[in-house]
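Here's the structure we're looking at; comments come further down.
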Amino acid sequence: MIRFFNTLSGKKEEFVPLIPGEVKLYTCGPTVYDYAHIGNFRAYVFEDLLKRFLLFMGFRVKHVMNITDIDDKTIRGANAQGVDLKTYTQKYIDAFSRDVDTLNIIRADVYPRATEHIPEMVAVIQLLIQKGYAYEKDGSYYFSIARFPDYGRLSKISLEELQPGQRVDVDEYEKENVHDFALWKAKKEGEPFWETEIGPGRPGWHIECSAMSSKYLGETFDIHCGGVDNIFPHHENEIAQSEAAFGKKFVNTWLHCHHLIRDGEKMSKSKGNTITIPEIRKVKDKPEALRFLLLSTHYRKTLNFTFEALDQAEIALKRINAFAGEMKYGNFPEGETEAVVKIVEEAEIKCRAGLSDDLNISKTMTAVFDLIKRCNILLCQKEIKSGDAGRLNGFLDGVNSVLGVISPTHITAWSDMKADRTVTPGITVEQLEKIMETGKARADLKGAIVGQASVSGDLQVLSKEQKEKIEMREKARAQKNFAESDRIRAELAAEGILLEDTKDGVRWKSVPVQKKPE
Ligand SMILES: [Zn+2]
């Protein structure tokens, strides 16, 4: 059973789409008056996680995301630069598309632009006029919220102090300012306008989502998403417009993503603390780590962006990638291990249960890291067989179809790989040689231990304690105290250091280990 927290009811509810096997999803898109910042992209990545999860669960998903290319802000921006609206917004639409691809977000089926749907908006406004929900004043049209008793149900605002007939003309306003809102704004000096059946002018912001969602998804559809900022007034107004015009329920499930903050403050243009994806990439060019950071905090919790958090995300992701690489490129003996079958089964159930519980990503990641930890120990004990690796690859592919962040890297390289040029697909001999040179690849413990290198170049060197443990184990082995030597080997394995005894001595390599998620 899939459960989502529905903002409309204020609780978790079982999710059942209108048409079995099919989900109609509308997500409010960017207002293209400036470059989108990662606060905006947190919501888009959350929506992508939602969509990928639904696809993973076997639903067909029709996804529509609008592009607001006309509103107060875009007009102001274009006028300030002295260019026409289309030229002005196109630059930001292109940048938005690049960022969507950078973050590995699956593109929507349709990205309707407001300026290309003026007749559809006028038609909805005409319905509202006919049904008595809209009135005209000086060539502009307003929605009369006193006529719509359900107004405020989504945002839970109180309408007690509402004064009928008071109007707001701006597209965005605060809760203290609940008024009749503009559906259509009369032609004005310095603003683009359209000649229409309701007179010359241009649409308000909110009407576009009612018009375009009904055009592409129908008058009632399954899921509508946005950031919490959209709840009031935007989504409240969408509900009022659509339900008044079409006389039926607009949306069954509303999901809203919480804020991204930076240094304790909400990221927003007005605070001047925004950062864009290209700006982040100048500091750290790891888009997959950024995506992982954005999706690894539950969408209904505030996410604090720092570069340290991005580093942490990168480290966690490296652990997954290294394990995935080991499974993909490693050589294993034929066969299958009972334990792995069980580990994968358990992890699959937990991952599914986590995401089905209102996209509880923490539960899912705990299951993934737990699997990696347990399998690393089996790796160390040489218990992983080719059938297991195949099974684990399948599991990771499934996980990645939802997370979209895993790219297997074979980061561990035995010290003698330089001689053995056949190993590790994906790494060139040149790369390997460079690693070996820079690598301190040969650790210095009595000449017995050789080292480990990683493709990314950031070598992990054994800690003093780990070296001592290896020495102690060597002593135990020399004394034929195998219980003790096995105990130390398991202890090191839990720390991510795998040992292999060869005729030339013991070799080690570092593998990813689980870091306890909070
Ligand atoms: Zn919208």
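Both counts, for ligands and for their atoms, begin at 1 and track the order of listing. As the structure is a prediction and not an experimental result, all values here were calculated from the model.
Less than 2.8 Å away from the Zn ion (ligand 1), the protein contributes these N/O/S atoms: Cys28 SG, Cys209 SG, His234 NE2, Glu238 OE2.
Ring to ring, Tyr92 and Tyr35 are close: their centroids are under 6.0 angstrom apart.
The main-chain N or O of Trp254 is found under 3.5 Å from a side-chain atom of Asn6 such that the two form a donor-acceptor pair.
Residue Leu127 holds its CG atom at 11.5 Å from OG of Ser210, rounded to the nearest 0.5 Å.
Contact check on Arg153 versus Glu236 returns no salt bridge, with no Lys/Arg side-chain nitrogen under 4.0 Å from an Asp/Glu carboxylate oxygen. A salt bridge is defined here as a Lys NZ or Arg NE, NH1 or NH2 lying under 4.0 Å from an Asp or Glu carboxylate O, and Arg374 with Glu346 meets this definition.
Sequence neighbours left out, the pairs with a member in residues 1-32 that pass ring-ring contact (aromatic ring centres under 6.0 Å, His included) are Phe4-Phe15, Tyr26-His224.
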